[in-house]
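What follows is a short report on a single structure.
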Number of protein chains: 2
Amino acid sequence: MTTQDAALTLAQRLADSIRSRLIAGELKPGQRLSEATLSSDLDVSRNSLREAFRLLTKEGLLRHEPNRGVFVATPSMASIIDIYRVRRMIECRALEQAYPQHPAVARMQRAVDTALKCRAAGDWVGVGSANMAFHAAIVDLADSARLNAFYAQIAAELRLSFGLLENPEFLHAPYVDLNAAILEDLKAGKAQEAAGALETYLERSERTVLAAFARIGEGERRG
Amino acid sequence: MTTQDAALTLAQRLADSIRSRLIAGELKPGQRLSEATLSSDLDVSRNSLREAFRLLTKEGLLRHEPNRGVFVATPSMASIIDIYRVRRMIECRALEQAYPQHPAVARMQRAVDTALKCRAAGDWVGVGSANMAFHAAIVDLADSARLNAFYAQIAAELRLSFGLLENPEFLHAPYVDLNAAILEDLKAGKAQEAAGALETYLERSERTVLAAFARIGEGERRG
DNA sequence: TCTGTCAAGATTGTTGAACGATTTTATTTC
DNA sequence: GAAATAAAATCGTTCAACAATCTTGACAGA
């Protein structure tokens, strides 16, 4: 898979590793990451770990409080709203101006197919991943490396929020068919309609996520 | 001004300092930044400097080639095209959906006023800065912290490209009046028209920058 | 009991040196 | 002149140390 792992610098590999654990929910929001503890756990020097921390802080996955340490970023309603605002602006516009022959359309198709297969198998985590891939492919339509990188960051942040939410079926299942419909529109040359559908879609998704987030917020406040 | 400078970590202050020198053109694109040399020049340890490098690399201002060193990012036609693509998507959309009472409108106004004043005084660098502030204010209209941060990065990258170009008058002067016109449209509630004007504006600016870039490219190839 | 003070302990911030790994430069050889 | 080799320079990474800052807990006083 990821050959030439050795070509990457240790800090990058560390960042990758920690990012995975963040997205997987192993590291909980708000949790402090001790330099001494983590560096000895991962068997690397504090300096290398600090470089990785700087990377992940720039990505918005960690928060750095000088002299206090780094913490797993804590998603908030504000951050979710912000992220969805960005998504609507980027994804809808990318879709709107897309042409059906774009290579990213094939990627969208694969994502939809995968999602359908996973849904049939009851693999909701797989459905979630496929949906994320679908949206990344939409951004690809805009043909901008910087936009892709930015979106990847936003997506990782959002996955941090999803990690807080249980019930992935509820969170991802409804969107498989909507994704398929959007793809059909696009392939039929109806980019404008696809964009409109996506806009509605994202608003709905935002409401769902915010509502779920509000619920767990209540629970934690009294827990 | 920037009080609590001590509150920031050394790596951040280093990154700020280096970023300034990059934007000011003191450090030339393609130039290699030696860890040993820079750390002794700035009187900091290599480790701290490396943390700063990771930060600036994430921002796209430096390029890191493992085992070879870090280099000042080299703007290319591709990067300029990419950046303008992003700008059109973000700025035009932000403007389109803006309402005239938004606080960022006041910032746009101040930027226009400053630009007019600087132009009258023949201060083209000042005009350039004011124009940049105008566009940053446009992005502010979207009310997204992440979008603002992303745009700040893009803008810094673009300034790196501008640094290569001589003749700031030619590069910035024509846009002062266009900015003023866009602002008037927005204040008059004609957001749609403002967005359209900005789209045209950015296309023109892109052509200008690309052409200037192509010229210096030729010159360097035979120089 | 509560509050503020202060010392002790823990953690981060930063440095300098060290050494293996990789790249670049210089030298030698054919 | 090109290929092979040795030497030098640079990056990658670790380690140990200490200063600066934050946290904890004991303690005195209201």
Side-chain angles (χ1 to χ4, degrees), chain A residues 2-22 26-74, chain B residues 2-22 26-74:
Chain A
T2 56
T3 53
Q4 65 189 13
D5 244 27
L8 272 61
T9 191
L10 177 56
Q12 290 169 346
R13 278 177 285 149
L14 282 174
D16 289 345
S17 157
I18 297 174
R19 193 185 304 108
S20 301
R21 293 172 62 178
L22 286 167
E26 276 179 64
L27 303 171
K28 295 281 186 335
Q31 177 181 347
R32 172 159 156 274
L33 301 183
S34 153
E35 291 185 358
T37 306
L38 242 191
S39 67
S40 90
D41 279 3
L42 299 175
D43 211 52
V44 298
S45 74
R46 266 180 71 211
N47 288 319
S48 298
L49 183 59
R50 282 171 64 89
E51 288 186 26
F53 279 171
R54 296 299 98 85
L55 258 8
L56 291 167
T57 299
K58 267 277 174 191
E59 291 179 25
L61 296 179
L62 298 181
R63 179 169 32 93
H64 181 186
E65 299 185 12
N67 283 312
R68 297 207 46 236
V70 304
F71 303 79
V72 178
T74 306
Chain B
T2 56
T3 54
Q4 66 187 17
D5 244 27
L8 272 60
T9 191
L10 176 57
Q12 290 169 344
R13 278 177 285 148
L14 281 174
D16 290 345
S17 157
I18 297 173
R19 193 185 302 107
S20 301
R21 293 172 62 178
L22 286 167
E26 277 180 62
L27 303 171
K28 296 282 187 334
Q31 178 181 345
R32 172 159 155 277
L33 301 183
S34 152
E35 292 186 356
T37 305
L38 242 191
S39 66
S40 90
D41 279 2
L42 299 175
D43 210 53
V44 298
S45 74
R46 265 180 73 210
N47 288 318
S48 297
L49 183 59
R50 281 171 63 90
E51 288 187 27
F53 280 171
R54 296 298 98 85
L55 258 8
L56 291 167
T57 300
K58 267 276 174 194
E59 290 180 26
L61 296 179
L62 299 181
R63 179 169 33 92
H64 181 186
E65 300 185 11
N67 281 313
R68 298 207 45 235
V70 304
F71 304 78
V72 178
T74 306

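Per chain, numbering begins at 1; letters A, B, ... match sequence-line order.
If one axis is set at each end of the helix from C/dT1-D/dA30 to C/dC30-D/dG1 from five pairs, those axes are 10° apart, to 10°.
The CD atom of A/Gln12 sits 12 Å away from the C1' atom of D/dG12 (whole-angstrom rounding). Atom pair B/Arg54:CZ and D/dC11:P shows a separation of 11 Å (rounding to whole Å applied). Taking atom CG on A/Leu42 and atom P on D/dT14, their separation rounds to 11 Å, with Å as the unit. Here the C1' atom of nucleotide C/dT25 and the CZ atom of B/Arg32 are 13 Å apart, to the nearest Å. Straight-line distance from the CZ atom of A/Arg50 to the P atom of D/dG12: 18 Å, rounded to whole Å. Atom CZ in A/Phe53 sits about 10 Å away from atom P in C/dG13, given to the nearest Å.
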### Query
Which letter, B, S or -, goes with each nucleotide of nucleotides 15-23 of chain C from 5' to 3', with contact meaning a protein heavy atom under 4.0 Å?
BB-B---SS
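Contacts of A/Ser34 classified as side chain to side chain contact (heavy atoms under 4.5 Å, CB included), with partners at least two apart in sequence or in another chain: A/Arg32, A/Ala36, A/Thr37. B/Ser45 pairs by the side chain to side chain donor-acceptor pair (under 3.5 Å) definition with B/Ser48, not counting sequence neighbours. Residues that satisfy the salt bridge (Lys or Arg N to Asp or Glu O under 4.0 Å) test with B/Arg68, not counting sequence neighbours, are B/Glu65. Partners of B/Ala15 under the side chain to side chain contact (heavy atoms under 4.5 Å, CB included) rule, at least two apart in sequence or in another chain, are B/Arg19, B/Ala52, B/Leu55, B/Leu56. Take B/Arg46 and apply the salt bridge (Lys or Arg N to Asp or Glu O under 4.0 Å) test, not counting sequence neighbours, and it matches B/Glu35. Residues that satisfy the side chain to side chain contact (heavy atoms under 4.5 Å, CB included) test with A/Gln31, not counting sequence neighbours, are A/Leu27, A/Lys28, A/Leu33, A/Val72. For A/Ser39, the side chain to side chain donor-acceptor pair (under 3.5 Å) criterion is met by no residue, not counting sequence neighbours.
Taken to the nearest 0.5 Å, the CD atom of B/Glu51 stands 6.5 Å off from the OG1 atom of B/Thr9.
The shortest side-chain heavy-atom distance between B/Leu14 and B/Phe53 does not fall under the 4.5 Å cut-off.
At the phosphate of D/dG12, neither OP1 nor OP2 sits under 4.0 Å from any side-chain N or O atom of A/Arg13.
When distances run from any side-chain atom of A/Glu35 to the nucleotides D/dC11, C/dT12, C/dT14, the shortest one goes to C/dT12.
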